[in-house]
Amino acid sequence: MKQKIVEICCDSLEDVIISEQAGADRVELNNSMHLGGLTPSIGTIKLATERCSIPIIVMARPRGAGFCYNEYQFDTMIADIEEMVKYDIAGVAFGCLTTDKRIDVFKTEKIIEILKKHKKEVVFHRAFDSAADPYESIEVLIELGVDRILTSGQKPKAIDGIDLLKDLQEKYGAQIEILAGSGVNETNVAELIEHTGIRQYHSSAKTYEIDPTTIGNVSYAYVGEPHESSYNVVSYEKVKELVNIVKEK
């Protein structure tokens, strides 16, 4: 049986280093986690791969909101991915949907071609949770050769999508890796493991650091009270506790 995996969603080089020190098995490297995660800078990717020894999955997402990209946005994704794969990353997380909320096969195939050429893992992120039909979508992704799907079971939080997660794991877990994420933490991961049988878990494990320059004459806050003067960082303690629970189950 495959070992259980804890993947931490990281917003910065600092987050990556904290996650590794706390025992995470893998990280997903983003920017702007409050927007659902966007493409990180090349400098962040460079430093993370130089200073971290655990696998790094890099997000390729050119903007916030949904996942139906026009030609300019998709060209940007391709250009970003072609730069990412020059570094020692494990893979890339992305997701492309059509206007009717189906898997965009053309765009997905083009990205997979680049990643397979460079021997990188193909991860379809939570765009899957916006797809109209999870069963049709997962079957398309399996056919295309996607290695792993990050999903909350098409609910805002994984614990709420627990029944769909269980069903997807039972039906398709032998054909594609399922990574459960969104709201996964030390309080609910044991229930998720026991109910779904899924062996990979994705968590932001975040806390907050105050930047006193956030609010003054102008407000640059992006978090509500009581963290309106703060930015998110990974918590060493939360990662450590999550890892301990997952490994013990």
Side-chain angles (χ1 to χ4, degrees), residues 7 9 28 30-40 57-82 84-85 91-117 120-184 192 196 198 200 202 204:
E7 175 183 284
C9 186
E28 180 193 81
N30 304 265
N31 183 27
S32 301
M33 196 187 300
H34 62 287
L35 294 176
L38 303 181
T39 307
I57 302 296
V58 180
M59 174 68 77
R61 186 170 175 234
R63 60 164 170 80
F67 310 98
C68 183
Y69 302 114
N70 65 30
E71 62 179 300
Y72 305 108
Q73 294 158 358
F74 186 63
D75 286 349
T76 301
M77 288 180 75
I78 293 296
D80 283 335
I81 291 168
E82 287 176 338
M84 291 174 189
V85 296
V92 172
F94 69 97
C96 300
L97 301 178
T98 60
T99 54
D100 59 352
K101 300 182 180 180
R102 302 170 81 122
I103 303 299
D104 190 321
V105 173
F106 172 79
K107 290 183 173 69
T108 303
E109 282 183 325
K110 191 163 184 179
I111 292 173
I112 289 173
E113 182 181 355
I114 297 169
L115 297 180
K116 295 292 188 183
K117 176 182 175 183
K120 305 299 184 184
E121 290 183 318
V122 179
V123 182
F124 200 91
H125 60 44
R126 288 188 63 219
F128 179 85
D129 292 324
S130 293
D133 185 332
Y135 298 99
E136 175 190 279
S137 297
I138 197 170
E139 289 173 7
V140 169
L141 295 174
I142 290 168
E143 180 68 23
L144 291 173
V146 170
D147 297 303
R148 182 161 60 250
I149 297 172
L150 170 60
T151 175
S152 60
Q154 296 207 320
K155 297 291 185 182
K157 302 297 181 186
I159 196 69
D160 301 318
I162 195 168
D163 291 332
L164 178 58
L165 289 170
K166 180 178 189 291
D167 202 35
L168 293 175
Q169 176 66 23
E170 289 176 350
K171 287 183 168 71
Y172 304 104
Q175 301 172 72
I176 193 167
E177 295 176 13
I178 296 177
L179 171 64
S182 186
V184 173
L192 284 161
T196 68
I198 291 171
Q200 299 194 42
H202 172 99
S204 60

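Note on K157 versus D160: no salt bridge recorded, every NZ/NE/NH1/NH2 to OD/OE distance being 4.0 Å or above.
Of all non-hydrogen atoms in V92 and I57, the two that sit nearest each other are C-CG2, 3.9 Å. Contact between C9 and H202 at its shortest, heavy atoms only, is CB-NE2, 3.5 Å. Nearest heavy atom pair, residue M59 against residue P40, reads O-CD, 3.3 Å. Smallest separation of non-hydrogen atoms from Y69 and C96: CD1-SG, 4.1 Å. Closest approach of M77 and I111 over heavy atoms only: CE-CD1, 4.0 Å. Nearest heavy-atom pair, R126 versus K155, reported as atom, atom and distance to 0.1 Å: NH2-O, 3.5 Å.
Expressed to the nearest 0.5 Å, how far CD of E170 lies from CG of L168 amounts to 10.0 Å. Rounding to the nearest 0.5 Å gives a distance of 9.5 Å between CD of E109 and CG of D104. Here K120 contributes atom NZ and L115 contributes atom CG; the two are 9.5 Å apart, rounded to the nearest 0.5 Å. In this structure, L38 CG and N31 CG are separated by 6.0 Å, a value rounded to the nearest 0.5 Å. Put simply, NZ on K110 and CZ on F74 are 5.5 Å apart, with the number rounded to the nearest 0.5 Å. Separating the CG atom in L97 from the CZ atom in R102 is a distance of 11.5 Å, to the nearest 0.5 Å.
A 4.5 Å side-chain heavy-atom check between R148 and E121 finds at least one atom pair inside the cut-off.
The side chain to side chain donor-acceptor pair (under 3.5 Å) check on N30 picks up E28, with sequence neighbours excluded. In terms of the side chain to side chain donor-acceptor pair (under 3.5 Å) criterion, H125 has no residue partners (sequence neighbours excluded). Looking at residues two or more places apart in sequence or on another chain, you find a ring-ring contact (aromatic ring centres under 6.0 Å, His included) between F94 and F124. Applying the side chain to side chain donor-acceptor pair (under 3.5 Å) test to T98 and every residue at least two apart in sequence or in another chain returns D100. A search for side chain to side chain donor-acceptor pair (under 3.5 Å) contacts involving D80 returns nothing, not counting sequence neighbours.
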For this session: List the steps and the verdict of side-chain contact (heavy atoms from CB on, under 4.5 Å) for I78 and I114.
Result: CA-CA 9 Å; I78 293 296; I114 297 169; 3.8 Å; yes
What pairs of donor and acceptor atoms, side-chain ones from residues 138-147 against any protein atom, are under 3.5 angstrom apart with sequence neighbours left out?
{"from": "E139", "atom 1": "OE2", "to": "Y172", "atom 2": "OH", "distance (Å)": "2.6"}
{"from": "D147", "atom 1": "OD2", "to": "V122", "atom 2": "N", "distance (Å)": "2.7"}

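The backbone N or O of I103 sits nowhere less than 3.5 Å from a side-chain atom of S137 that would complete a donor-acceptor pair. Judged by distance alone, the side chain of T39 and the main-chain N or O of R61 form a donor-acceptor pair under 3.5 Å.
By the 6.0 Å contact criterion, CZ on R63 is enclosed, its count of non-hydrogen atoms from other residues, nucleotides or ligands being greater than 12.
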